[in-house]
Structures are given as structure tokens and as C-alpha cells.
Amino acid sequence: MNNKDSTAEEIEDAGSYPLKAIGLINDGDADSVPQWTSEEEKMLVRTIDWRVFPMLCTIFGLSLLDRTNISSAYIAGLGADIQLSQGIWLIRNPIEPRHPPRRRQGVAELPDYIMGRLRPRDGLLFPGAVFIIGSWYRQYETATRVSLFYMAALIASGFGPILAYVFSLIRVGDGIYTQGWRWIFIIEGIATIVAGIAAAFFLVEFPDKARWLTARQKQIAIARLSVDKLEKEYKHPSFREAMVMIWDWKIIVFSIQYFIAASSVYSIAYFKTIILREGMGFSYALSQILSSPPYVFAVIMSLVMAWLSDKYKIRWAILVAQSLSAVVGLLITLYSGPPGVRYFGLFIAVFGTQANIPGTLSYGQSQIPTVEKRGVIAAAMISVGAAGGITGSTIFRTQDAPRYLPGMWATIAMQMLYTIVTMVFSFYLKRQNRLVDEQKRGDLEGVPGFRYAP
């Protein structure tokens, strides 16, 4: 007997007493689903929470630092040292002392650094993490967990400017390493390498392979998901099956939502310190320090909104409220006079944009009945989000300083589009649920008993 068969048999025979069966209608037949006590399930979920998130949050937090530390390095002297303008991000090696970047009048070259955002190291991390979370939690548990994962990692990037300021004070020798901005990349790069090595040992397995669960806990972990998804085990889809899954018109809506969310997040993340420094007139040190509090506020409020979304089983209203918060915050930042009021607007804008990253992913995942398809959809959404990252990092141009009107209004317009798309699509999903309940159409997604979660 091979290992797979022995593991399946172990799970099936798990527990000191047989699990009681309840009826579940699947394709017209009664299918037995294991039953367990609520105390057992709560304890299992707590165990999963403590084992799934720490390493995921660590590696994603470092990934966010890597993606957004360029603006901190810029105001720490990067721009002056290598003659870099905000409109032409051309960076080949942060510790290479020679050859300042080429410039051509009126031509914006697509930066190597931004192209790096499309490389596998970043493109696979987020969808992979969301896929892992979706493989452990039920439909109305995902919003809180995806937000917890994203916001815990966001704490690291939120305090990134303060860390960057500390690293920029380092001076070594009398050569290129006296330039503090280089140490921002060097130290954060070393931390990323160490975390990458540790991840090979500490990242979680899927429920059926987790060595830190007992056989009975594995059975419950798998069975509690089958109640939502009507499936017993995860099967890796073939390339052809993945292409069939992705040939779903709804992914266009999910991709538009995530493109907008990613673009807005990147635009603020890349240029918040520049706006504080050049737009609001704060000093270099104060600009770095003031970049962090809005993210603390965003973390707290995002977790509260995600909890409300799961508790009251509503997605669209939360997403729309967050999107409109971003619009209000950006308008305050753009048109208010006193720097203090504009800074308050940055709090609201950061919350509204950051909260809709995990919120949008949870929204898309909640409309998919199978783990396999949810993984494919998440990967597709985040791949489109990479293009949003390029957009968000290039719409704030040097010639638009200090107010950056085109970049700000482009972000506001996209957030308004997000609100409209989300509302229209959600009402469509609610109507489809109602038609099934009234027996006026067939099963949603071809899965008996499945309902969308708009």
C-alpha cells in the first residue's frame, strides 16, 4: 500500500469513537459527512490560526518591504546619487556605483525595478498564500483570515519607512557604502533571503499532509471544508482543466476589481513619503516617521470590517464603503489646506485602498465552490494586479509635483469605477441566488446547494 492510501485510511479510521454521520444531498443521493463537537472545531481552528499565519505573514511582510522601499531610498539620497527622477525609475543594481541611468527627453523608459514586480518571486507568493488560506477555512471564515494575513504583513511595510530611516543612517568606510540608502536594500535583502530559507521548513502543509495535526483533526479539517465545497480531497488540476476553469466571464469582474485595488495601493505606497516631503513640506525624517501611523489605522479598521463581513455574511457593502473611504481620503489630501488635515485624509485613503486588497480576494474566493478553481482564480486576479502595480507606480510624475493632480484623480476615478462594478455585479449574484431558491434556474456553478456570497 502506498503512502497516499495509508494516509487516507488513517484519516478515515481516525478518532477514539466513530464520527456520527448526517445526511447531505449530493446529486440526489445522501452522502455521509462526519460530525464533530463545536468545541473540537473551535480548538482546531485556533490551532490552524497559530500554525498557518506566522510564516506566511513574515515572508509576505518582507515582500511588501521589498516592493515599496524605493520611495524611502529616493528621499534618503538615491535620486541625487544616481540622478534618478521620479518619472523614470531605472534601477539595475542598488549597490552598483557606476553609470547613472540613461535619459531621453520626453521618453519614459519602463523601469527594471517595476518589471521586477512581474517576476515569479512576487507573482506567485500572494496567490499561493491566499490559496493556502482557502484550503484551510470555510466560505465565511476567509475574509477575516485573508485580511489578518495581509494586515499583519502590512504592519511590517507600514513601519518600513521608520526602519528605512534607521538603515539610512549607517555609514561604512569612505566609499559607496557611506551612502545610507544602499543599506536599506542590503539589510532588507538579507532578511528576505533568511526568511526564504526558513520558509522551506516552516510553511504549512495542506490538511491531509499536516504532521502537526492528529489523525482525527485531519479528518475534521478536511470534512468541515467538504460541507461548504462538497468535495473530499484536493486534486491538482491539469493545464487543460485550469484553462477551462479560467474561461469564466466572472474573472473579468474580479480582475477589474483587483487591478484597481492594486493600482491604488501601489500609488500611495510608492509616493506617500514623497507627498509628505514635497507636497506637505515635512522634513525627511518626519516624512518617514509620519508614513507609518496611517497603516496602523488601516490594519485596525480593515480587520474590523473583515470581521463584520464574515459575521453578517455580506461582502459588497463592505467593499463599497472602503472604496468610497479611499475617494474621500484622497479628496481631503488633495484639496484641504492645512497639512494636518491633509495628513488625516491620508489615513482614510490608506485604509480604503489597503482594506480592499484582501477584501477583493475574499470576494472573488467566496463566489467559487471548489478549492481547485479558487486557486486558479486567485492566481489570475493577482497576475492582473501586477499590471495595476505598474500603473500605480507610474502615475505620479515629477512634473506634477507638489500636488500630483493627474495621479490623484486617476486613483479617485478608478475607485469610483470599483464602486460601480462591485455594486452591479453583486446585485447580479444576489439575483442568481434568488432564482435558484425559486427553482427558476439550475445549480450555480454546477454544484448542488452552492450559493454565491455577494
Side-chain angles (χ1 to χ4, degrees), residues 24-27 33 127 130-131 133-147 224-231 234 237 241-242 244-261 305-323 355-382 384-385 417-454:
L24 175 67
I25 302 302
N26 188 4
D27 292 332
V33 176
V130 172
F131 172 65
I133 293 172
S135 300
W136 284 92
Y137 294 99
R138 299 179 67 175
Q139 187 181 42
Y140 281 107
E141 294 173 342
T142 57
T144 302
R145 267 69 183 194
V146 173
S147 290
R224 67 190 292 271
L225 295 183
S226 72
V227 172
D228 276 350
K229 304 178 182 69
L230 303 179
E231 56 191 352
Y234 174 75
E241 290 171 335
V244 172
M245 293 176 186
I246 208 172
W247 198 254
D248 184 341
W249 70 270
K250 292 189 292 299
I251 196 174
I252 298 175
V253 178
F254 301 146
S255 296
I256 291 173
Q257 290 176 307
Y258 196 76
F259 175 90
I260 294 173
M305 299 297 278
W307 177 80
L308 292 173
S309 178
D310 278 342
K311 179 177 177 61
Y312 294 103
K313 295 181 170 54
I314 186 169
R315 295 279 191 255
W316 73 271
I318 299 296
L319 296 180
V320 168
Q322 291 167 170
S323 180
N356 268 351
I357 289 287
T360 300
L361 287 169
S362 297
Y363 182 85
Q365 297 281 287
S366 296
Q367 320 312 331
I368 308 299
T370 63
V371 172
E372 294 91 341
K373 189 173 180 179
R374 298 211 302 180
V376 172
I377 296 300
M381 290 173 64
I382 295 173
V384 174
L417 177 61
Y418 182 100
T419 296
I420 295 170
V421 168
T422 301
M423 291 182 64
V424 172
F425 185 63
S426 297
F427 292 148
Y428 166 80
L429 295 180
K430 291 170 70 72
R431 182 173 183 274
Q432 297 308 303
N433 285 345
R434 186 173 66 254
L435 291 176
V436 174
D437 293 337
E438 296 172 354
Q439 298 183 345
K440 294 181 179 179
R441 63 154 292 168
D443 297 322
L444 298 174
E445 304 293 324
V447 177
F450 175 73
R451 296 292 184 275
Y452 296 121

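In this text the structure is predicted, and so the values were computed from the model without any measurement.
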Taking side chain to side chain donor-acceptor pair (under 3.5 Å) as the test, write out the residues that go with R145, two or more places apart.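 In terms of side chain to side chain donor-acceptor pair (under 3.5 Å), with neighbours along the sequence ignored, R145 is linked to D49.
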Rounded to the nearest 0.5 Å, what's the gap from [atom1] on [X] to [atom2] on [Y]? Could you check?
X: Q432; Y: L429; atom1: CD; atom2: CG; value: 7.5 Å
X: L417; Y: Q257; atom1: CG; atom2: CD; value: 9.5 Å
X: I357; Y: I260; atom1: CD1; atom2: CD1; value: 11.0 Å
X: Y137; Y: D310; atom1: OH; atom2: CG; value: 11.5 Å
X: R434; Y: D437; atom1: CZ; atom2: CG; value: 9.5 Å
X: I256; Y: I420; atom1: CD1; atom2: CD1; value: 11.5 Å

Any idea which heavy atoms bring [X] and [Y] closest together, and the distance?
X: G442; Y: V436; answer: O-CG2, 3.4 Å
X: S366; Y: F450; answer: O-CZ, 4.0 Å
X: Y258; Y: G385; answer: CD2-CA, 3.6 Å
X: F254; Y: I377; answer: CD1-CG2, 4.0 Å
X: T360; Y: A261; answer: OG1-CB, 4.3 Å

Applying salt bridge (Lys or Arg N to Asp or Glu O under 4.0 Å), which residue pairs with at least one partner in residues 357-370 are found, sequence neighbours left out?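 Listed once each, the pairs would be none.
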Can you confirm whether more than 12 heavy atoms, excluding those of E438, are under 6.0 Å from its CD atom?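 Enclosed.
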Just wondering, are more than 12 heavy atoms of other shown residues or ligands nearer than 6.0 Å to CZ in R431?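 Counting neighbours around CZ of R431, 12 or fewer heavy atoms of other residues, nucleotides or ligands fall under 6.0 Å, so no.
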Hey, are the side chains of [X] and [Y] touching, using non-hydrogen atoms and a 4.5 Å cut-off?
X: K250; Y: E445; result: yes
X: V146; Y: Q365; result: no
X: P454; Y: N433; result: yes
X: W249; Y: V253; result: yes

Scan side-chain atoms only and decide if R315 and S426 contain a donor-acceptor pair under the 3.5 Å cut-off.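 Short answer, no.
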Under 3.5 Å, is there a donor-acceptor pair linking the side chains of Y363 and T422?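 Short answer, no.
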Short question: side chain of S323, backbone of L319 - any donor-acceptor pair under 3.5 Å?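 Not a single qualifying donor-acceptor pair exists.
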Okay, side chain of S147, backbone of P358: is any donor-acceptor separation there less than 3.5 Å?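 Here the side-chain-to-backbone pair does not exist.
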Partner residues of K313 under the salt bridge (charged side-chain N to carboxylate O under 4.0 Å, His left out) criterion, sequence neighbours left out: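 K313: no salt bridge (charged side-chain N to carboxylate O under 4.0 Å, His left out) contacts found.
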Assess whether ring pair (Phe, Tyr, Trp, His ring centres under 6.0 Å) is satisfied between Y418 and W316, documenting all intermediate values. CA-CA 11 Å; Y418 182 100; W316 73 271; over 10 Å; no
Angle class for the F425/Y428 ring planes (parallel below 30°, perpendicular above 60°, tilted otherwise)?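 If you compare the ring of F425 with that of Y428, the planes turn out parallel.
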